[in-house]
Each structure stands twice: as structure tokens, then as C-alpha cells.
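Taking it in order: structure first as C-alpha cells, then the write-up.
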Protein chains: 2
Amino acid sequence: MIRIDLDSPEPLEDQLCKTLRSAIALREVEQGDMLPSVRQMASDLGIHWNTVARAYRRLQDSGLLSVRRGRGVFVKPIREAAEVDAQTTAKVSESIQETITNARLSGISLSAFRELALSEIKTWEARVS
Amino acid sequence: MIRIDLDSPEPLEDQLCKTLRSAIALREVEQGDMLPSVRQMASDLGIHWNTVARAYRRLQDSGLLSVRRGRGVFVKPIREAAEVDAQTTAKVSESIQETITNARLSGISLSAFRELALSEIKTWEARVS
DNA sequence: GCACACTGTATCTTTGTATGATACAGTAGT
DNA sequence: ACTACTGTATCATACAAAGATACAGTGTGC
């Protein structure tokens, strides 16, 4: 479930953050779950446990994890915002624009992209019920 | 049109590639257009011209630019693929999933995300006619 | 055809960041 | 309080981003 690619040029810490964020968003780990200790997770992934500690701390800083020395690392509840602020919306929009750019430059038409996006959203709706 | 943020932790070269790719995809620069020389562009942006040269070369490697020493840098036509290969589709899907992850963890609902995505696609359709 | 002023290219140096090594500190059970 | 587990802090090293500088191709005017 939590996977990283040791041969990728992308920093291990970034990869780990990304896969953890995905697991949390998809509820593959539930609110309140304790994650493996930094040493255990590092051992599983074949990387240094300090890198895991740094990734955990970053996710703590962004409010996704609760990290307590001596206790462990726990998944915080996903906040469901009734009102989303403009800055967040702008960031997501920018991310969408970047994805469209990549698709267009790969030769994918806008209509094909729309179908792809709607299909992905459907998949998510099914997975998070 | 071509902008970068000198204070961002994101590498200048990556930023420049991204903004150039966007400009090409949106046809803000037309096929066959000559881009500013590496020194001119660097001067405009306030960065070292070697960084611009590296960004140009990367876009050449991905088939977006034609770079000729002594001549200049030119925009190649955007390829419109009739059939898009599975690997490309997979990459775009992954990018969409990552965007959904970020949106969800920011508290944006899936339905709100769908509206945002469709709206962005509409904007693109209008811009590239 | 040569000079010159422009193009991008190649290579080295500097600087910052990712990763790893290792010593530290809080927590809980015995 | 001892012990075995948690995460934290700091330093060392390896690598990559960015800048400095010397090089090489192209076209124009004389």
C-alpha cells in the first residue's frame, strides 16, 4: 500500500509524503490508526529511518498526522470544510491546469481529458463511499 | 507571460520548464515562433542564462522546442495524437489522482472538485479555440 | 573571406539540499 | 528506576542546482 521507488530521481521523503497523503485521502488508513514506527516503516521500505521521521513531521505540519515521541504516529481525521478559502481553491486550480498542460502536450485532446478526469473522480467516489 | 518566482524552493529550471510548457500548450507562443535568446530570457527573468539554456534543452529533449546554436530557439508544432498510448494515459491518470488527493486533504469535496475541473477544462476550450 | 556580433554548448566551481549516522530525550510497562 | 520502545536534534557526506567562464557554430556586413 505504501510504496516508494528507490531508483526514482524524486526525493525519497517527497515520495513517502505523497504515498502517505494518498493513503490517508483514500482512507486506506483510518482516522486514529497508528502508523508503523519510523524504524519499522524505514525497514519495510529499505530506507533510512530518519527520512521516514522527516516525512512524518512534514505531514504533522500540514495537519494530517499526530506525532508524539515515545507514543507513536497517528492519523488525524480528514477535515471536511464547508467553506473552502480562495487560496486553497486557487492552488487546486493551478494543479488542474498543470495536469491539463501535460495531457495536451502528450497529444491528449481536451475532450479525452475530460472523460479521463470524470472517470477518475467516479473511481474515487466508489472507493471512499 | 513567462514568470518565475525567485523565492520559491522549486528549482528555477523546473519553474521555467513549467511556465514554458504552459505557454506552448496554451498557444501563447505559436508554432515556429522564435523564443528570446538564453541571455535575453535570463536577463528578463533575473536569473543566470545557463539555467535558461538547460531549460530550453530539456524542452528540446521532450520534443517541444528546436534549439540550434547560432540560430536560436524555435517552437515546434504540438503533436495531436489520434491514438494515445497506455503509458501516457497512465501518467496523466496518476497526475489527476494526485490532484484529487490534494483537493480532498484540503477539505474540497469530490463534487466540488468535479465542478472545478470541468470549469478549468471549459476555460481551456475557450482559450485554444 | 574575414571580422564581428550574435546564437547555444561544455565544463568547472560554488552552494544548498537530501540522505545517512549517531547521540539525545520523552513514554510506558515491568 | 530499569528497559525497551517511541520520535528529535545535530552533524557528515553525497549529490544536484545554479552560477562563472571558456568554447564553438551561424549569419551579416564589409
Side-chain angles (χ1 to χ4, degrees), chain A residues 2-21 23-24 29-76, chain B residues 2-21 23-24 29-76:
Chain A
I2 306 295
R3 297 194 172 287
I4 62 173
D5 175 9
L6 296 175
D7 296 326
S8 164
E10 188 178 5
L12 302 174
E13 192 181 322
D14 291 3
Q15 286 186 59
L16 183 51
C17 279
K18 191 184 292 185
T19 186
L20 284 170
R21 288 167 59 83
I24 295 168
V29 293
E30 297 283 345
Q31 156 183 1
D33 280 0
M34 179 176 172
L35 294 182
S37 75
V38 293
R39 286 161 237 252
Q40 181 62 49
M41 174 73 83
S43 163
D44 293 348
L45 297 174
I47 64 181
H48 199 276
W49 54 269
N50 222 332
T51 303
V52 177
R54 279 187 276 253
Y56 279 172
R57 202 152 354 138
R58 265 170 61 179
L59 295 187
Q60 176 181 44
D61 292 345
S62 54
L64 270 51
L65 296 180
S66 166
V67 182
R68 288 294 135 86
R69 151 161 68 177
R71 310 274 313 275
V73 178
F74 302 86
V75 179
K76 301 226 292 193
Chain B
I2 306 294
R3 298 196 174 283
I4 62 173
D5 176 8
L6 295 175
D7 296 326
S8 165
E10 188 179 7
L12 302 175
E13 191 181 322
D14 291 3
Q15 286 186 58
L16 183 52
C17 280
K18 191 184 291 186
T19 185
L20 284 170
R21 289 167 58 84
I24 295 169
V29 294
E30 297 284 345
Q31 157 184 0
D33 280 359
M34 178 174 173
L35 294 183
S37 75
V38 291
R39 286 162 238 251
Q40 181 62 50
M41 174 71 83
S43 163
D44 294 347
L45 297 173
I47 64 181
H48 200 275
W49 52 269
N50 222 333
T51 303
V52 177
R54 281 186 276 253
Y56 279 172
R57 203 153 350 140
R58 265 169 60 179
L59 295 188
Q60 175 181 44
D61 292 345
S62 53
L64 269 51
L65 296 179
S66 166
V67 182
R68 288 295 136 86
R69 154 161 64 177
R71 310 274 312 276
V73 178
F74 302 88
V75 180
K76 301 227 291 191

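Convention: sequence-line order gives letters A, B, ...; per-chain numbering from 1.
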Worked verdict on Val29(B) versus Ile2(B) for side chain to side chain contact (heavy atoms under 4.5 Å, CB included): CA-CA 10 Å; Val29(B) 294; Ile2(B) 306 294; 5.8 Å; no
Please report the C-alpha distance between Gln40(A) and Trp49(A) in whole Å, then the side-chain angles of each, then the deciding distance to 0.1 Å, and finally whether the side chain to side chain contact (heavy atoms under 4.5 Å, CB included) criterion is met. CA-CA 8 Å; Gln40(A) 181 62 49; Trp49(A) 54 269; over 6 Å; no
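What separates CZ of Arg58(B) from C1' of dG8(C) is a distance of 17 Å, to the nearest Å. The distance from atom CZ of Arg54(A) to atom P of dT19(C) is 8 Å, rounded to the nearest whole Å. Rounded to whole Å, atom C1' of dA9(D) lies 19 Å from atom OH of Tyr56(A).
Scanning residues 8-18 of chain A for heavy-atom distances under 4.0 Å to DNA chain D yields an empty list. Residues from residues 33-49 of chain B with heavy atoms under 4.0 angstrom of DNA chain C, sorted by number: Ser37(B), Val38(B), Arg39(B), Trp49(B).
Partners of Gln60(B) under the side-chain contact (heavy atoms from CB on, under 4.5 Å) rule, at least two apart in sequence or in another chain, are Arg57(B), Val67(B).
Residues Leu12(B) and Asp5(B) have side chains not in contact (no heavy-atom distance under 4.5 Å, counting atoms from C-beta outward). Side chains of Val73(B) and Met34(B) form no contact here, defined as non-hydrogen atoms less than 4.5 Å apart. Contact of the Thr51(A) side chain with the Leu45(A) side chain is not registered, since no non-hydrogen atoms from C-beta on lie closer than 4.5 Å. Contact annotation: the side chain of Ser62(B) approaches that of Leu59(B) to within less than 4.5 Å [non-hydrogen atoms, C-beta and beyond].
Nearest approach of Val38(B) to Ala53(B), heavy atoms of both residues: CG1-CA, 3.6 Å.
For residues 59-68 of chain B, no pair satisfies salt bridge (charged side-chain N to carboxylate O under 4.0 Å, His left out), with sequence neighbours left out. Counting only residues at least two apart or in different chains, salt bridge (charged side-chain N to carboxylate O under 4.0 Å, His left out) contacts with residues 6-15 of chain B comprise Glu10(B)-Lys18(B), Glu13(B)-Arg54(B), Glu13(B)-Arg58(B), Asp14(B)-Arg58(B).
Distances shorter than 4.0 Å separate some side-chain N or O of Arg57(B) from OP1 or OP2 on dT9(C).
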When every nucleotide of nucleotides 25-30 of chain D is labelled 5' to 3' by its protein contacts under 4.0 Å (heavy atoms), B for base, S for sugar-phosphate only, - for none, what sequence of letters results? BSS---
